[in-house]
Number of protein chains: 2
Amino acid sequence: MTIGVTIGQAAAFAGVTIKTVRHYHKHGLVEEPRRDSSGYRRYGSAELLRLVQVRTLAAAGVPLAEIGPLLDADPERFAGMLVDVEQRLTDRIDELIARRDTLRRLAGGDRALLPDRACALLNRTAALGFTAEQVAIYRESLVLVRALVPDGFDAYLAQVEDAFDDTRFVELVRRCWVAKDWEPDDSRIEELATAMAEQFLANRALLTVSSDFQARIDTTRYGLLNHFGEDHEPTMARLTALVEAKLRSAGVRIPHQ
Amino acid sequence: MTIGVTIGQAAAFAGVTIKTVRHYHKHGLVEEPRRDSSGYRRYGSAELLRLVQVRTLAAAGVPLAEIGPLLDADPERFAGMLVDVEQRLTDRIDELIARRDTLRRLAGGDRALLPDRACALLNRTAALGFTAEQVAIYRESLVLVRALVPDGFDAYLAQVEDAFDDTRFVELVRRCWVAKDWEPDDSRIEELATAMAEQFLANRALLTVSSDFQARIDTTRYGLLNHFGEDHEPTMARLTALVEAKLRSAGVRIPHQ
DNA sequence: CTTGAGCCTGACCCGAGGTCAAGGTGCACC
DNA sequence: GGTGCACCTTGACCTCGGGTCAGGCTCAAG
C-alpha cells in the first residue's frame, strides 16, 4: 500500500496547479515530502495542511516571501499577523468594489472623468443655451483643471456654481462666446471688456479663488475666461487682456502671463 | 500658455504611476500625446479620458492586451463587454471573500483542511473515548481520503456517521485499537476478526461504498480499517487480512491488495 | 546661478507562476 | 506482453504588469 497522495492529488486538494506546488517547494514554503520507490513525491496530511495554509495566504495577497516566516512564527504572532492579512484582504475587496462602480461610469463618458457635481454643472451649462461645442470645450477645461489642481477642484466648482446664479454674468459670458468670431480689432470688444470688468467688480465673489487654488494655478487663467486655444483665438486673447488690464487698474491683483 | 497637463499630473489624475502611463504608451493602449517645445508630453482631456478608461479596466483585472480592442470596439459591443468584465470582477470579489473566510479557519488547524461535518465527526470520535493519538491518526486518514476522492467524501462521511451509530461496531473498533499492541500471533486476533466480520455482515450498510468511491479507492482500504502505517503494524495487517478473508468467503466482493 | 523637482530614454530586474522539452512510471485493455 | 494514456521527473526559458537604475535635459524659485 503506497502511502500518501501524489503531487497531482495534493495540488487538486489545495486548489493549485502542480507547477505551483513545485514552485512552493523550490522557495522553501512547503517542505519536499518523501518520495516513493519511483521517485514520485508522496504527500501526507502534514504537507497537505501546509500547502493549504500557503495557498490560502498567497490567495489573500500575501507575498510568497512573507508566508514562510508568517507560518513559522509562534501562534500568538501568527494570529496577530492573520488579522493584518485579513485587513489587507478587506481593503482589496473594498477597492475592487469601488473599481466596479467606476467601471459602471465608464459606459457614459463624462461620468468617468468628472464627479456628479461637475456633470450637473455641464448639464446646467447646456440648459442655459450654450452650444454643444461650447459645452464640450468647457468640459475639457473642467477635466484639465481637476487634473491640475485636484484639491482645489471642489472650491472651484462652488465658485462656478455661484457664478451661474449671476444672470448678468452668464449673459456676458454668452456674449464673449459670440465675440469669438469677431475680428480682433472690432470696436465692440472694448465695450464688452468694460461690461465684463464692471460685472466682476460688482460681484467680487466671481474673483475670489481659494489660496490653495491660487497658489498653483498661476500659469492658468481664472474662472470661465480660462480656456486653451487662445493662441488660435486672437480675439479672445485681446478680450482677456483688456478685462485683466481694467481689473488691475481697479486694484485687483491678477498674476501676469 | 502651455496647454495640457504633464505626465505626472496625468498619472496622478488617473491614479497610476508615471511609469505605468509610459507602459501604456509603449503597448499602444493610450496614444502618445503631443509634446511641448521641450519634449514633455502634454495631455488633454481626450488622453486623460482614455487613461482613466484603461486604468479602470486594468484594475478590474482585464489583461492589457484585451483593453485596446475593447475600447476601440463600437459602443454596442463595448457595453456588452463591459457587462462581462463586471461579471468577472464580481466573481473575483466573491472569491476574495471566500478566501477571507478560509483565512479565518486557518487559525484553528483542522478547520482549514476538513469541512465542519468532518470536524464534528472527529469530535465525536474523541467523545467516544478514543485516545488523542487515535483521533489524530483518524484525522489524517480523513484528510487523505478527502484528497484522494474529493467527490466521494460526503458519501464517505455519511457512511462513517452511520457506523458511529452502531454501538457494537464502535466497541469492536475500540478493541481493534487495543489489539494494535498485541503480538501478531496472539490467538485473540482470530476471535476479534470473527466478531468484526460478523458485525460487518450483520450490518451490511457498513460495507456499502458508493460506486464512485469504490471505483477510485481500490488501492486504499475501506472504512475504519483503512489506515496507513500497516507496514509497521504487522498485527493490524494480520487482523485486516483475516477480516477480509472471512468477508470474502461470505460472498462479499473486496478488491485485493 | 544653483538647487530641487520633474521629465526624457533605455536597459535591466522581479514575482508568481506558465510552457515546452525529453524522458521515466503505473495501469488498463487488448 | 505490448500499447496507449495519464501522470510523474527535471530544467530552461517565457509572460505580465510593471519597478528600478542610470545618465541627461528642463523649469521655476531663491
Side-chain angles (χ1 to χ4, degrees), chain A residues 1-30 32-43 51 54-68 99 147-148 215-220 255-257, chain B residues 1-2 4-30 32-43 51 54-68 99 147-148 214-220 255-257:
Chain A
M1 175 182 183
T2 347
I3 174 174
V5 302
T6 68
I7 193 170
Q9 290 162 325
F13 179 71
V16 298
T17 69
I18 292 178
K19 197 68 212 193
T20 300
V21 175
R22 292 205 272 247
H23 195 64
Y24 292 166
H25 288 322
K26 189 148 43 179
H27 290 271
L29 287 173
V30 179
E32 288 271 0
R34 64 205 130 54
R35 311 284 182 125
D36 64 17
S37 55
S38 57
Y40 286 16
R41 293 172 179 86
R42 289 293 177 170
Y43 295 80
L51 193 51
V54 170
R55 181 229 44 187
T56 303
L57 290 172
V62 182
L64 295 198
E66 289 176 27
I67 292 180
R99 295 287 183 207
L148 270 169
R216 294 202 243 155
I217 211 160
D218 287 358
T219 56
T220 321
H256 279 272
Q257 215 210 39
Chain B
M1 177 184 183
T2 345
V5 303
T6 68
I7 195 171
Q9 290 162 324
F13 179 72
V16 298
T17 69
I18 292 178
K19 200 65 216 190
T20 300
V21 175
R22 292 205 270 248
H23 194 66
Y24 292 165
H25 288 323
K26 190 149 41 180
H27 290 272
L29 288 173
V30 180
E32 289 271 0
R34 63 206 129 54
R35 311 283 184 124
D36 64 17
S37 54
S38 57
Y40 286 15
R41 292 173 178 86
R42 289 293 177 169
Y43 296 81
L51 193 51
V54 171
R55 181 229 44 186
T56 304
L57 290 172
V62 182
L64 295 196
E66 289 176 27
I67 292 179
R99 294 289 184 206
L148 270 169
Q214 184 82 47
R216 293 202 245 158
I217 209 160
D218 288 357
T219 57
T220 321
H256 279 272
Q257 215 209 40

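Note that the coordinates shown come from a computational prediction; the quantities given were computed from them, not determined experimentally. Numbered from 1 within each chain, the chains take letters A, B, ... in sequence-line order.
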*Measure the spacing between CZ of B:Arg55 and CD1 of B:Ile67 and express it to the nearest 0.5 Å.*
11.0 Å

*Determine: side-chain N/O of A:Arg41 to OP1/OP2 of D:dT9, distance under 4.0 Å, yes or no.*
yes

Just the table, please: protein N/O against nucleotides 16-22 of chain D N/O, every pair under 3.5 Å.
{"unit_1": "D:dG17", "atom_1": "OP1", "unit_2": "B:Leu64", "atom_2": "N", "d": "3.0"}
{"unit_1": "D:dG18", "atom_1": "OP2", "unit_2": "B:Tyr24", "atom_2": "OH", "d": "3.4"}
{"unit_1": "D:dG19", "atom_1": "OP2", "unit_2": "B:Thr17", "atom_2": "OG1", "d": "2.9"}
{"unit_1": "D:dG19", "atom_1": "OP2", "unit_2": "B:Thr20", "atom_2": "OG1", "d": "3.4"}
{"unit_1": "D:dT20", "atom_1": "O4", "unit_2": "B:Lys19", "atom_2": "NZ", "d": "3.1"}

*asked:* Looking at A:Ser38, I'd like to know whether one of its side-chain N or O atoms comes within less than 4.0 Å of OP1 or OP2 on C:dG26.
replied: yes

*asked:* With a cut-off of less than 4.0 Å, is there a side-chain N or O of A:Thr6 near OP1 or OP2 of D:dC7?
replied: no

*To the nearest Å, how far apart are A:Lys26 NZ and D:dC13 C1'?*
11 Å

_Length of the CD-C1' vector between A:Gln9 and D:dC7, whole Å_ = 10 Å

*Residues two or more places apart in sequence or in another chain: which of them pass side-chain hydrogen bond (donor to acceptor under 3.5 Å, both in side chains) with A:Arg35?*
A:Glu32

*A:Asp36 has an atom CG; how far is it from atom C1' of C:dG26, in whole Å?*
10 Å

*Atom-pair distance (CD1 on B:Ile18; C1' on D:dT26), nearest Å*: 14 Å

*Would you list the pairs meeting side chain to side chain donor-acceptor pair (under 3.5 Å) in which at least one residue belongs to residues 9-21 of chain A, sequence neighbours left out?*
A:Thr6-A:Gln9, A:Thr17-A:Thr20

*Drop me the distance from A:Arg41's CZ to A:Arg34's CZ, to the nearest 0.5 angstrom.*
13.0 Å

*asked:* Could you go through A:Val21 and A:Val30, starting from their C-alpha distance and side-chain angles, then the distance that decides it, and tell me whether this counts as side chain to side chain contact (heavy atoms under 4.5 Å, CB included)?
replied: CA-CA 8 Å; A:Val21 175; A:Val30 179; over 6 Å; no

*asked:* Evaluate A:Leu51 against A:Tyr24 for side chain to side chain contact (heavy atoms under 4.5 Å, CB included), listing each step before the verdict.
replied: CA-CA 8 Å; A:Leu51 193 51; A:Tyr24 292 166; 3.8 Å; yes

_Spacing between A:Arg22 atom CZ and C:dA16 atom P, to the nearest angstrom_ = 19 Å

*Give the intermediate values and the outcome of side chain to side chain contact (heavy atoms under 4.5 Å, CB included) for residues B:Ile18 and B:Arg22.*
CA-CA 6 Å; B:Ile18 292 178; B:Arg22 292 205 270 248; 3.8 Å; yes

*Starting at atom CZ of A:Arg34, determine the distance to atom P of D:dC8, rounded to an integer number of angstrom.*
16 Å

*Return the value, rounded to whole Å, for the distance between atom OH of B:Tyr43 and atom P of C:dG6.*
16 Å

*Expressed in angstrom and rounded to an integer, what is the separation of B:Tyr40 atom OH from D:dA28 atom P?*
9 Å

*Determine: side-chain N/O of A:Arg35 to OP1/OP2 of D:dT10, distance under 4.0 Å, yes or no.*
yes

